[in-house]
Protein chains: 2
Amino acid sequence: MNTHGAEARTAILKVLSEIREPAGATRIGVELGRAGINLSPRTVRFHLRQLDEQGLTELISPRAGRVISEAGREELAHANIVERVGFIDARVDELAYQMDFSFEKSAGTIIMNTAVILKRELSRSLAQMEPVFEKDLGMGGLLALAYPGETLGRLTIPPDCIGIATVCSVTINGILVRHGIPVVSRYGGLLEIRNFKPVRFVELIEYKGTTLDPLEAFIAARMTKVREAARTGEGIIGASFREVPANARAAVKKLHTRMQAASLGGIFAIGEPHRPLCGIPVPDGRTGVITTAGLNPVAALQESGARIPLRSLASLEDYARFKPWRDVCRQYRRG
Amino acid sequence: MNTHGAEARTAILKVLSEIREPAGATRIGVELGRAGINLSPRTVRFHLRQLDEQGLTELISPRAGRVISEAGREELAHANIVERVGFIDARVDELAYQMDFSFEKSAGTIIMNTAVILKRELSRSLAQMEPVFEKDLGMGGLLALAYPGETLGRLTIPPDCIGIATVCSVTINGILVRHGIPVVSRYGGLLEIRNFKPVRFVELIEYKGTTLDPLEAFIAARMTKVREAARTGEGIIGASFREVPANARAAVKKLHTRMQAASLGGIFAIGEPHRPLCGIPVPDGRTGVITTAGLNPVAALQESGARIPLRSLASLEDYARFKPWRDVCRQYRRG
DNA sequence: GCATGATTAGGCAACCTTGCCGTAATATTT
DNA sequence: AAATATTACGGCAAGGTTGCCTAATCATGC
């Protein structure tokens, strides 16, 4: 990406001003990556030196890196940066960065999706969702219900309705990132499965190029066949495609085991380094990872006819608020 | 885009092998652009000379350009190019290139979208669609119906159903391209309108990064407010965002007038060179163009409750098959 | 207090990208 | 047929991008 220089430099200034502490080229490079600007650390250093010469940045020490100078802030204020229109990838990274679930404490925040159904539909709805959890086609095995007047993130449940919260698969990003594994969320899509195994993606939308969550779109458009998938092992479910560094492959597998222990397992497949996974090519040095959509159980509901308002990547929520799906279902049957 | 060199060169070879005639750097650059690889003519020449040196291409004459050599074909066969997964932008360009409507003859093929409704719903459906055509929120004013057993592209109308064909806004691309104006289809989205004028895009999906037509997704997910838009002038309609060279701005305006004369007017707004249009930034040297979705009338139907199978970018169809919407509606009322 | 390891910076070199401009071959017009 | 216009090529130069490698600096552990 030959990022017309000046552009790269303002981006660097911006990062530096947001970090608020000295940073080196590596760190800055990572932050730039979040904004969709991919530059090697060396290139960042190249530009940093020019910024130094212009007096816009200052070298603190060859250990700490640089900070933005007063002149740099000035410059940044003048350079009117056209803000991006709010594409989903930004939100994904933001939420993944904010969540703070920890295995050690088995506590913290995770990212959730929400849906709202009518109170009188609850029994039928849980029955629809059960097989999806049973066959592990959702994101882990947790579920939360919210009653009228309660809130799920910024959503308040209206009278006669029930809020359903599922764990969003972006929670996986959050966990990986917290363990030092950078994750790129590439596509949301529809995954064909056969014998409960992934076969190929039939539709894809790139996170980078959409303001609407792809999974939300696919489910709202009723393009899934989650019920059938849960019943027969063949069908079409929501899934997303991520990329991790090839050398982090083992670490990801290990973390996945721990996630499963916390009922947060949602990794459906991990590819080989630089090998296409389910038809999706992977750049050199990276490995593809497929995660199942947290909304899959809700997709099953949608398929059964109801029109359900749903929101993926809704907000952060406390891990403690979620319960194993079996418990939720059992509890409801009793009460 | 620092296209790792070798990659650029194989891409050039591929273009050259598909063109089947001598071509210069400019021509090759345009073709590369279609594949999402943007290189300046000069850069293409740079690589061409290297290909010459490797004996993979051959200079015919400094007027005609180059051809691929036998060795070049060999090389190309070895370089296994991972084919892209079938993103929409490719289909857009393909269809735009294939259609051959001509103003002079007022005949030829155009690109259509299809939808299928129940026969008994026809009357109500036409009534729903009328205001949308009336207020010019669709793509032009043409419409075609197909009865059971007839076909629309590869779609055969089932018993008791009626097929509805509308003109796809990609037809505009086709017309512009045929008049030498290269068009880039950037986003499909939802456009907020006020007072029948475009205000801003509320959702966007990049054509380059999706396998599902964005408009199809938005309409199927019932995110439009076309009925309201037609009734009150305020609402949310399907629209797409295109880019044309800044210096073609006048030519586009002129062509739009002719399109309107052929009932194919669908350009909703043309921006200023390099100026953001409805919140979307435009690269230097280009101008933004907003076109209304051909499916907007069908979106109005969908909003009214029915669940309508629809397909955008369905196929080519003869211009003669379409009739002015007023005629279609009148004819149906009589019969 | 000193060795070790991690992190950062920057020199060097190779290569990619591109604007500008002059030259050459061919089409088109007069 | 000659003049003009068009189109393509490639030299030149400036600048972006990046891998490789070495030096400086700081935290940490012995």
Side-chain angles (χ1 to χ4, degrees), chain A residues 1-13 15-16 19 21-33 35-54 56-69 180 182 245 283-285, chain B residues 1-13 15-16 19 21-33 36-54 56-69 180 182 245-247 283-286:
Chain A
M1 200 184 316
N2 230 320
T3 323
H4 236 48
E7 209 175 304
R9 284 188 286 274
T10 29
I12 290 173
L13 277 183
V15 165
L16 226 32
I19 286 185
E21 55 183 18
T26 316
R27 169 89 188 278
I28 294 173
V30 172
E31 297 294 331
L32 283 174
I37 300 175
N38 295 313
L39 294 176
S40 76
R42 183 64 189 87
T43 305
V44 173
R45 281 200 293 278
F46 171 79
H47 289 297
L48 279 172
R49 215 175 70 83
Q50 299 201 15
L51 288 168
D52 278 354
E53 279 165 14
Q54 292 174 57
L56 305 181
T57 54
E58 225 171 307
L59 179 59
I60 295 297
S61 87
R63 181 66 210 277
R66 291 177 172 85
V67 292
I68 185 170
S69 72
D284 205 11
Chain B
M1 204 184 316
N2 230 323
T3 323
H4 239 49
E7 210 175 303
R9 284 189 286 273
T10 26
I12 290 173
L13 276 184
V15 164
L16 224 33
I19 286 185
E21 54 182 20
T26 315
R27 170 90 187 277
I28 294 173
V30 172
E31 297 293 331
L32 283 175
I37 301 174
N38 296 311
L39 294 177
S40 75
R42 183 63 190 87
T43 304
V44 174
R45 279 199 294 276
F46 171 78
H47 290 295
L48 278 172
R49 215 174 73 83
Q50 299 200 15
L51 288 168
D52 277 353
E53 280 164 14
Q54 293 174 57
L56 305 181
T57 55
E58 226 172 308
L59 180 56
I60 295 297
S61 86
R63 181 66 207 279
R66 289 176 172 86
V67 291
I68 185 170
S69 72
N247 56 25
D284 207 9
R286 322 221 80 195

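Given the structure is predicted, the values throughout are model-derived calculations rather than measurements. A, B, ... follow the sequence lines: proteins, then strands. Residue 1 opens every chain.
Under the rule for a salt bridge (charged side-chain N to carboxylate O under 4.0 Å, His left out), A:R45 has no partner lying at least two apart in sequence or in another chain.
One atom, CG of A:L48, and another, C1' of C:dA9, lie 10 Å apart when rounded to the nearest Å. Rounded to an integer number of Å, the gap from A:L51 CG to C:dG10 C1' is 15 Å. Distance CZ (A:F46) to C1' (C:dC16): 13 Å, rounded to an integer number of Å. In this structure, B:E21 places its CD atom 12 Å from P of D:dA8, rounding to the nearest Å. Rounded to whole Å, the distance from CG on B:L59 to P on C:dT23 is 19 Å. Nucleotide D:dG19 holds its C1' atom 10 Å from the CZ atom of A:R45, rounded to whole Å. Taking atom CZ of B:R42 as the reference point, atom P of D:dA14 lies 15 Å away to the nearest angstrom. Protein atom CZ of A:R49 is 19 Å distant from nucleotide atom P of C:dT8, rounded to whole Å.
Residues B:R66 and B:E21 are not paired through a salt bridge, judged by the lack of any N-O separation under 4.0 Å between the basic side chain and the carboxylate.
For C:dT7, neither phosphate oxygen OP1 nor OP2 lies less than 4.0 angstrom from any side-chain nitrogen or oxygen of A:T26. Contact check, A:T43 against D:dT18: a side-chain N or O comes under 4.0 Å of OP1 or OP2. At C:dC16, one or more side-chain N or O atoms of B:R9 fall inside 4.0 Å of OP1 or OP2 (strictly under the cut-off). Note on B:H47: a side-chain N or O is less than 4.0 Å away from OP1 or OP2 of C:dT17. Proximity of A:Q50 to the phosphate of D:dG16: a side-chain N or O atom is located under 4.0 Å from OP1 or OP2.
Among the nucleotides C:dA9, D:dG10, C:dG5, the one closest to any side-chain atom of A:R63 is C:dG5. The nucleotide whose nearest atom lies closest to any side-chain atom of A:S61 is, among D:dT17, D:dC26, C:dA25, D:dC26. Of the candidate nucleotides C:dC16, C:dG19, C:dG11, C:dG19 has the atom lying nearest to any side-chain atom of B:S40.
Remark: the backbone N or O of B:I68 is not paired with any side-chain donor or acceptor of B:T57 at under 3.5 angstrom.
Atom CD of B:Q50 sits in a crowded spot, with more than 12 heavy atoms from other residues, nucleotides or ligands closer than 6.0 Å.
Smallest separation of non-hydrogen atoms from A:L56 and A:L13: O-CD2, 3.9 Å.
Nucleic acid contact for A:A64: none, since no nucleic acid atom lies under 4.0 Å from a heavy atom of the residue. Residue A:R66 is in sugar-phosphate contact alone, with no base atom involved, counting any heavy-atom pair closer than 4.0 Å across all strands shown.
DNA chain C is contacted by both A:G65 and B:P62; A:G65 maps to the nucleotide lying nearer its 5′ end (nearest heavy atom per residue).
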